[in-house]
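Scroll down for the structure; my scribbles are underneath it.
Note that the structure is predicted; figures quoted are calculated from it, not measured.
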Amino acid sequence: EKIREKTYQPLGKDGLQPKIWPPMQTRDGRAVRTGPGVDAGPEDTYIGYGRGWANVSNTPFRGYKHDALEGGISTPFIVRWPGGIPRERRGAIDHTPAHLIDVLPTLLAAAGASCPERNGDTRVQPLEGIDLLPALRGGATARAQPICFEHHGNLGLREGRWKIVSAYRKDQPISWQLYDMQSDRSELHDLAAAQPERVRALATKWQAWADRVGVQPWPIKPRAR
């Protein structure tokens, strides 16, 4: 067991960690315990439980945190809104694919508000997501653009039943995989070689999104001064 011997001052109500990552101390000033032999759970611990347990946690999906495969991105979106969701829909499961970018448009729609086009002299980037209220109420959603994402060079796009992903490999070109999410949610059968035209069409849409929102090549190189 590795225990940090250094003592810390309490952070106070609005205090921030002196070192952002990994966390070094609790809010009341105790050193954070980490390493082999430390059990997860108490507020003075910080551990990762390793690839083996991560694989068990993600079963039957492939991949881990930061991957574009379902094991790295799939998570439930749980909503409780007694006044806004019909009684017959309470406890229901909806399988409509959604993304974090949909949260703000949904909240704006629920509040009857809209996103401003400008903030002072600054143009506000148009929202990429959609309003999920129809899905929460048992209806259908209308998504004009596919869901696209990128994290540390791991790329992905979901459009209807089709999904393409590419894992980051240092100094290697993008290599897309294609999966039919309707029949192969666990992403076991890569269809890229059998459907190259579909891959190219979806990859073109991913690149258009990346150019529009400013996705940077990975690793990001600092700009020359």
By side chain to side chain contact (heavy atoms under 4.5 Å, CB included), which residues pair with [X], not counting sequence neighbours?
X	value
Q207	A210, D211
R185	F61, E70, S74, M181
E88	P86
N55	Y64

Practice task
Compare all side-chain heavy atoms of I85 with those of V79 and state whether any distance is below 4.5 angstrom.
Solution key: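 Yes, their side chains come closer than 4.5 Å.
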Exercise for the section: Check whether any side-chain heavy atom of Q9 sits under 4.5 Å from a side-chain heavy atom of Q25, and report yes or no. Expected result: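 When only atoms from C-beta onward are counted, Q25 and Q9 do not touch, as no gap falls below 4.5 Å.
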Practice task
Decide if atom CH2 of W53 counts as having more than 12 heavy atoms of other residues, nucleotides or ligands within a radius under 6.0 Å.
Solution key: no
Problem - R51 atom CZ: more than 12 heavy-atom contacts under 6.0 Å - result: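 No, the 6.0 Å shell around CZ holds no more than 12 heavy atoms from other groups.
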Only counting residues at least two apart or in another chain, list the ones meeting side chain to side chain donor-acceptor pair (under 3.5 Å) with [X].
X	value
R27	none
D67	none
S186	none

Exercise for the section: List for me each residue that meets ring-ring contact (aromatic ring centres under 6.0 Å, His included) alongside F77, sequence neighbours excluded, and say none if there are none. Expected result: none
Are the side chain of [X] and the backbone of [Y] linked by a donor-acceptor contact shorter than 3.5 Å?
X	Y	answer
D44	T26	no
R143	A98	no
R89	A135	yes
D184	L188	yes
Q17	M24	yes

Work out which heavy atom in [X] is nearest to a heavy atom in [Y]; give both atom names and the distance.
X	Y	result
P97	R158	CG-NH2, 3.7 Å
V32	T45	CG1-C, 3.8 Å
P146	E159	CB-CB, 3.8 Å
V165	E187	CG1-OE2, 4.4 Å
A140	P134	O-CB, 3.4 Å

Problem - Q195 and R198: side chain donor to acceptor below 3.5 Å - result: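 Yes, because at least one side-chain N or O of Q195 sits under 3.5 Å from a partner of the opposite role on R198.
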Exercise for the section: Could you list who else is in L191's hydrophobic cluster, with ILVMFWY side chains joined at under 4.5 Å, directly or through other members? Expected result: L155, L157, W162, I164, I174, W176, L178, V199, L202, W206, W209, V213, V215
From [atom1] ([X]) to [atom2] ([Y]), nearest 0.5 Å:
X	Y	atom1	atom2	result
C148	E150	SG	CD	11.5 Å
I147	I130	CD1	CD1	7.0 Å
L69	N58	CG	CG	10.0 Å

Return all side-chain donor-acceptor pairs below 3.5 angstrom for residues 103-116, not counting sequence neighbours, or 'none' if the list is empty.
from : atom 1 : to   : atom 2 : distance (Å)
T106 : OG1    : D102 : O      : 2.7
T106 : OG1    : L132 : N      : 2.9

Problem - Stepwise side chain to side chain contact (heavy atoms under 4.5 Å, CB included) test for Y179 and R62 - result: CA-CA 12 Å; Y179 298 103; R62 295 170 53 210; 3.1 Å; yes
Practice task
With sequence neighbours excluded, give me every ring pair (Phe, Tyr, Trp, His ring centres under 6.0 Å) pair touching residues 123-151.
Solution key: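 Only H66-H151 qualify under ring pair (Phe, Tyr, Trp, His ring centres under 6.0 Å).
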Handout entry: Residue pairs involving residues 115-130 (criterion side-chain hydrogen bond (donor to acceptor under 3.5 Å, both in side chains); sequence neighbours excluded)
Key =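 Qualifying pairs: E128-R212.
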Exercise for the section: Show your reasoning for whether salt bridge (charged side-chain N to carboxylate O under 4.0 Å, His left out) applies to R30 and D28. Expected result: CA-CA 6 Å; R30 287 173 292 159; D28 58 7; 3.1 Å; yes
